[in-house]
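A quick write-up on the structure given underneath.
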Protein chains: 2
Amino acid sequence: MPIIPNIYQNFDDKMRRKLYNILSAKTILYKANQMISYSMGKRNVIGIVEQGQARMIRYEYTGERAILDEFNEGDIFSDMFVESGFSELSVEAITNCTVTFIDYEEMISKAESSKLALQFLNNFIHVINHTLVKRNERIELLTTRTIRNKLLSYFELQAKKNNSKTFNLKYSYTDLADYLAVDRSALMRELKSLKEEKFILDVNKKITLLY
Amino acid sequence: MPIIPNIYQNFDDKMRRKLYNILSAKTILYKANQMISYSMGKRNVIGIVEQGQARMIRYEYTGERAILDEFNEGDIFSDMFVESGFSELSVEAITNCTVTFIDYEEMISKAESSKLALQFLNNFIHVINHTLVKRNERIELLTTRTIRNKLLSYFELQAKKNNSKTFNLKYSYTDLADYLAVDRSALMRELKSLKEEKFILDVNKKITLLY
DNA sequence: GCTTTTTTGTTGCAATTGCAACAGACAAAA
DNA sequence: TTTTGTCTGTTGCAATTGCAACAAAAAAGC
């Protein structure tokens, strides 16, 4: 099981402050449900979630919603990662959030002259790599063709991450449906079958795989 | 429109050879349809497609297939992506391929002592960033809920990339169905409706958006 | 505490999608 | 050139999924 990389690996508070000074980083607080956006003119910016949780969401004109990604403490996001898509995306705070913004080119160029910045760049690469791995998992999920398979795949992934056949669902079923890009009622129906056919146990959001 | 970053930006042949020497890179030739795999023991490895095309594919025990990603010249992939999910993935050469393998940790650690390695690392970051953008597009595609929307989204993306309402499909419809993770006959049916309802023109694989 | 909002759980019905099967077109290989 | 294999295009039918609507439960806000 791969270790989840930390953007602040080997950084204490003092080093972090120094680094943020070198990179002219800005830290901003967002309230729950607030939209997170930040711009340094035309420059590419990276957001680091220091505290709290956020999500990348697409709203359809129909009111339909898709949860594209979730960001927890230590996760990074960037408008660079989404710039050329075909729909309007937004990043929203789920809980109160602290987000630090760093200029991308600044981070790279400073790495040549500052040991601290280079160390941070190394951490950044590990984190972005891990981000890519997560995206891949997401694509694997979404390319399964039935709700049943999406559910089972999602559950298996959670079980794997939790190193146990039992785990707690972090999503509401409403959100899970948007995450798996399926209709909620259809998801509930499939969940019911999975329980009836003894594939899983579901004791209010605590899932156990029975196979 | 973003410039597609090149992993060899500012590298001439001589520099490239020197770099590969520093990083102990290995270049391997694969025949069309061959499976691409390589291992440096337990270390994480990055593959760079030098020539040709390859794909990441999942085969279901049912014989069902999903195309997860396509790699062209200059694209990178990693065993980290392949091994993390819940299903067996493989990378396959579509055409004859030359692939260079680099040790991930080696690439990062050498950047501290070698200017050349640092320059390469910078290029790598730009490329992986771009990879992330592509993955995001893919996720956006897959989170649309009908075949019609998947098709239109895919077409719009191609049109955007081609800077024109008209473009040539690079996939066969069989492959496109596996790429969009839907049934081929259902895709053909939907395509037919789109033509009949004058949303698109399709003159053998040359698509024109009519809206 | 009480009120309001969100989530869960369910269902009938309609629409979409997948499956299976086949014929013809096209491309690759022998 | 003939053969072989893959891709396109199509259809009937069955299965799955989405939609709409509602009640009950739970959570959040006051």
Side-chain angles (χ1 to χ4, degrees), chain A residues 31-33 53 55 57 60-67 92-96 141-153 168-197 199-207, chain B residues 31-33 55 57 60-67 92 94-96 141-153 168-197 199-207:
Chain A
K31 293 240 170 81
N33 300 317
Q53 284 188 306
R55 271 182 193 166
I57 294 181
E60 228 68 50
Y61 62 98
T62 54
E64 201 173 77
R65 192 184 72 142
I67 298 175
E92 293 178 9
I94 303 176
T95 63
N96 286 358
L141 259 189
L142 292 169
T143 50
T144 62
R145 302 204 187 170
T146 58
I147 294 179
R148 166 164 295 212
N149 283 336
K150 284 191 170 113
L151 272 173
L152 287 178
S153 300
N168 286 301
L169 265 192
K170 62 174 181 176
Y171 280 129
S172 71
Y173 286 124
T174 305
D175 285 352
L176 185 58
D178 286 341
Y179 186 74
L180 300 179
V182 298
D183 181 75
R184 185 190 64 83
S185 70
L187 180 143
M188 297 301 286
R189 187 162 33 204
E190 201 55 44
L191 199 67
K192 197 180 169 190
S193 316
L194 283 174
K195 283 188 258 185
E196 281 170 4
E197 294 171 37
F199 277 99
I200 61 163
L201 277 181
D202 175 10
V203 186
N204 63 333
K205 297 298 188 63
K206 185 174 179 173
I207 308 283
Chain B
K31 294 239 170 83
N33 300 317
R55 271 181 192 167
I57 295 182
E60 228 69 50
Y61 63 98
T62 55
E64 201 173 77
R65 192 185 72 145
I67 297 176
E92 292 178 9
I94 302 175
T95 62
N96 286 358
L141 258 190
L142 292 169
T143 50
T144 63
R145 303 206 187 171
T146 57
I147 294 179
R148 166 163 297 211
N149 284 334
K150 284 190 171 115
L151 271 173
L152 287 179
S153 300
N168 287 300
L169 266 192
K170 62 174 181 176
Y171 280 130
S172 71
Y173 284 125
T174 305
D175 285 352
L176 184 59
D178 286 341
Y179 186 75
L180 300 179
V182 298
D183 182 75
R184 186 190 63 85
S185 70
L187 180 143
M188 297 299 288
R189 186 162 34 205
E190 201 55 45
L191 199 66
K192 197 180 167 190
S193 316
L194 284 173
K195 283 188 258 185
E196 281 170 4
E197 294 170 37
F199 277 100
I200 61 163
L201 277 182
D202 175 11
V203 185
N204 63 333
K205 298 295 190 64
K206 186 174 178 173
I207 307 284

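What's counted below: heavy atoms across the whole structure, side chains too, no hydrogens, waters or symmetry copies. Chain letters run A, B, ... following the sequence lines, proteins first and then strands; every chain starts at 1. Keep in mind the model is a prediction, meaning the values are calculated, not measured.
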- Kindly compute the distance separating CG (A/Asn33) from CD1 (A/Ile94), expressed to the nearest 0.5 Å. 9.0 Å
- Message: Are more than 12 heavy atoms, taken from residues, nucleotides or ligands other than B/Lys195, located less than 6.0 Å from that residue's NZ atom?
- Response: yes
- Inter-residue atom distance A/Thr146.OG1 - A/Asn149.CG, 0.5 Å rounding: 3.5 Å
- Query: A/Lys205 near the nucleic acid: base, sugar-phosphate alone, or nothing, with a heavy-atom cut-off under 4.0 Å?
  - Reply: sugar-phosphate
- State the CZ-OH distance between B/Arg184 and B/Tyr173, to the nearest 0.5 angstrom. 11.5 Å
- Item | Min side-chain heavy-atom separation B/Glu60-B/Arg65 under 4.5 Å | no
- Where along nucleotides 24-30 of chain D does protein come under 4.0 Å, by heavy atom, of base (B) or sugar-phosphate alone (S), with - for untouched nucleotides? -------
- Taking only residues two or more places apart in sequence or in another chain, which ones pass salt bridge (Lys or Arg N to Asp or Glu O under 4.0 Å) with B/Glu190? B/Arg148
- Note on the structure: Those residues at least two apart in sequence (or on a different chain) that pass salt bridge (Lys or Arg N to Asp or Glu O under 4.0 Å) with B/Lys170 are B/Glu70
- Item | B/Asp175 CG - D/dC7 C1' separation (whole Å) | 10 Å
- Note on the structure: Distance col, row B/Leu142:CG vs A/Leu141:CG, nearest 0.5 angstrom, shows 10.5 Å
Collect all protein-nucleotide pairs involving nucleotides 24-30 of chain C in which both atoms are nitrogen or oxygen and the distance is under 3.5 Å.
none

- Message: Could you tell me how far apart B/Met188 (CE) and C/dC22 (P) are, to the nearest whole angstrom?
- Response: 19 Å
- Euclidean distance, atom CD1 of residue B/Ile67 to atom P of D/dC7 [Å, nearest integer]: 10 Å
- Distance from B/Leu187 atom CG to B/Thr174 atom OG1, nearest 0.5 Å? 9.5 Å
- Query: Residues in salt bridge (Lys or Arg N to Asp or Glu O under 4.0 Å) with B/Asp183, at least two apart?
  - Reply: none
- Task: May I ask you to evaluate whether B/Ser172 reaches the phosphate of D/dT6, defined as a side-chain N or O under 4.0 Å from OP1 or OP2?
- Result: no
- Taking only side-chain nitrogens and oxygens of A/Lys192, does any of them come within less than 4.0 Å of OP1 or OP2 of C/dT11? yes
- Message: Check whether A/Asp175 reaches the backbone of A/Asp178 with its side chain - one donor and one acceptor, N or O, closer than 3.5 Å.
- Response: no
- Note on the structure: In 5'-to-3' order, the base (B), backbone-only (S) or no-contact (-) status of each nucleotide in nucleotides 12-20 of chain D, using a 4.0 angstrom heavy-atom cut-off, is B----BBBB
